[in-house]
Amino acid sequence: MASSSKNASVSTGVEQDDLTIPVIDFSAFLHGDENARRSTAAAILHAFRTSGFLYLSNSGIAPSTIADVFSHSAHFFARPTAQKDSLGWDRPESNRGYSTFGREKVTQENDPAEIQKLRSANPDYKETMEIGRENVPGMPNQWPDKFDSEGEQFTVVMKAFHDTCKQLHIQLMRAIAMGMGFPESFFDEFTAGGDNTLRLLHYPPVLKSVFAENPNAVRAGPHSDYGSVTLLFQDDIGGLEVKSPKNTWVRATPIADTIVINAGDLLARWSNDTIKSTNHRVVQPPYESESDLYPRRYSVAYFCNPDFDKLIEALPGTYTTESDKKYKGINSGEYLAMRLAATY
């Protein structure tokens, strides 16, 4: 893929079945001149309007920071089941705490009975830990700091990483604002609170026979994300796939020192569907060995949302008349709680 401008560093990460996921160097937006910043913003918006996905390089988050987060995540998931269960996820309004294997079933289905059927037949082969912003009354994070010094370190690392990702979210939304022709600070009032969720994910080793005997088995079912944008940090195992315009599944192969960024349903709704929220899933990795097992996989997702007290309506410039608006205005927090309630 050619660069969208001499001032923006854009290359092809994935190109298959009419799906292109570019690699965009974010340093041009963070540190470049005005032309470089505008060119990068345009490239990001173009990716969101076409595939809904991109790889971000030079994000401003140090690889050593990400490696530390992955290390603490692995140690957390290796804890005894009783410890993890004592930190259990309780309700969608809070969306904080640990979820054991098979509890959540991500899907585009809305019918609770159908979701239960899917969960029973093909559970998602993963466990998760959800971390929200601190100091929300009645919604405390479930920290393992009460267990031992490693739990204390985990708590320090994850609090800091939540804040680090919040800053990247703010910068990404500034790039989107610039790309759409708004003042760069247009979305700042929607991102100041940081009502975002840091999700740690562990996909355990799975027998190859599970997937061979059940073609519908997945590590995480087909779904789109609910919020504005998602920052996904992958390990090198792989397994993420994105739905193409040709209705095929295309692997979003891990690319070292990049973050996978995708637009979510609320941003698509906010943009009056001029931005795409694309379905994706996690399946068995492209892994060849004589072992009977597919290896474990870790990933870290940071789900970004407009602050929960904000009303989300079609953005100026995405419609001509009121009748062109595809969606009614909706409160961000209520929307997210509604979507989460359907999957647990």
Side-chain angles (χ1 to χ4, degrees), residues 26 30 56 59-77 79 84 87-99 104 126-147 149-174 187-202 225-235 258-262 264 266-267 298-310 332-333 336-337 339-340:
F26 202 49
L30 294 175
L56 201 71
S59 67
I61 303 178
S64 59
T65 296
I66 298 168
D68 197 30
V69 167
F70 270 82
S71 175
H72 281 283
S73 175
H75 280 98
F76 173 80
F77 288 118
R79 286 185 175 276
K84 292 184 291 186
L87 306 175
W89 186 98
D90 60 350
R91 56 199 169 100
E93 292 78 13
S94 172
N95 193 32
R96 289 160 168 81
Y98 170 76
S99 290
E104 182 194 28
K126 68 177 190 295
E127 58 179 336
T128 66
M129 181 63 171
E130 315 286 337
I131 299 164
R133 70 177 176 93
E134 286 280 83
N135 303 316
V136 179
M139 298 181 186
N141 279 308
Q142 303 298 316
W143 296 117
D145 53 354
K146 60 187 177 184
F147 297 135
S149 60
E150 165 59 30
E152 293 173 356
Q153 283 271 24
F154 173 96
T155 303
V156 170
V157 167
M158 297 307 167
K159 284 180 179 179
F161 194 61
H162 193 285
D163 289 343
T164 295
C165 291
K166 174 188 171 182
Q167 296 307 311
L168 178 54
H169 174 217
I170 290 171
Q171 293 295 339
L172 278 168
M173 295 306 294
R174 288 176 179 171
F187 292 113
D188 282 7
E189 65 176 298
F190 294 92
T191 58
D195 281 324
N196 308 317
T197 298
L198 174 61
R199 165 179 276 199
L200 312 179
L201 297 108
H202 170 223
D225 291 343
Y226 307 149
S228 52
V229 296
T230 300
L231 320 180
L232 178 67
F233 304 85
Q234 299 194 80
D235 64 11
T258 67
I259 307 169
V260 175
I261 313 286
N262 65 280
L266 203 50
L267 183 57
Y298 294 97
S299 65
V300 176
Y302 188 77
F303 296 108
C304 304
N305 309 301
D307 291 345
F308 288 165
D309 63 348
K310 299 301 183 184
S332 172
L336 269 296
R339 294 296 303 273
L340 284 165

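- Between the side chains of T230 and D225, a donor-acceptor pair is found at a separation under 3.5 Å.
- For the residue pair E130 / T128, a side-chain donor-acceptor distance below 3.5 Å is found, with atom types taken as modelled.
- Among all heavy-atom pairs drawn from S59 and L56, the shortest one is CB-CD2, 4.0 Å.
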Evaluation steps, side-chain contact (heavy atoms from CB on, under 4.5 Å), between F303 and Y226: CA-CA 8 Å; F303 296 108; Y226 307 149; over 6 Å; no
Quick one, E127 with F77, criterion side-chain contact (heavy atoms from CB on, under 4.5 Å). Give me CA distance, side-chain angles, the key distance, then yes/no. CA-CA 8 Å; E127 58 179 336; F77 288 118; 3.4 Å; yes
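- The closest side-chain heavy-atom distance from R91 to M139 is below 4.5 Å.
- A centroid separation of 6.0 Å or more is found between the aromatic rings of F76 and H202.
- When side chains are defined from C-beta on, F154 does not count as touching F147, because their heavy atoms never get closer than 4.5 Å.
- With contacts defined as side-chain heavy-atom distances shorter than 4.5 Å, the pair F190/N305 does not qualify.
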For N262 and L231: C-alpha separation, side-chain torsions, deciding distance, then whether side-chain contact (heavy atoms from CB on, under 4.5 Å) applies. CA-CA 7 Å; N262 65 280; L231 320 180; over 6 Å; no
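- Looking at every heavy atom in both residues, H162 comes nearest to G132 through NE2-C, 3.5 Å.
- Under the 4.5 Å side-chain criterion, counting only non-hydrogen atoms from C-beta, R96 is not in contact with P140.
- Here the shortest heavy-atom pairing between R79 and G151 reads NH2-N, 3.2 Å.
- Within a 6.0 Å sphere centred on CD of Q171, heavy atoms belonging to other residues, nucleotides or ligands number more than 12.
- Take E134 and apply the salt bridge (charged side-chain N to carboxylate O under 4.0 Å, His left out) test, not counting sequence neighbours, and it matches K159.
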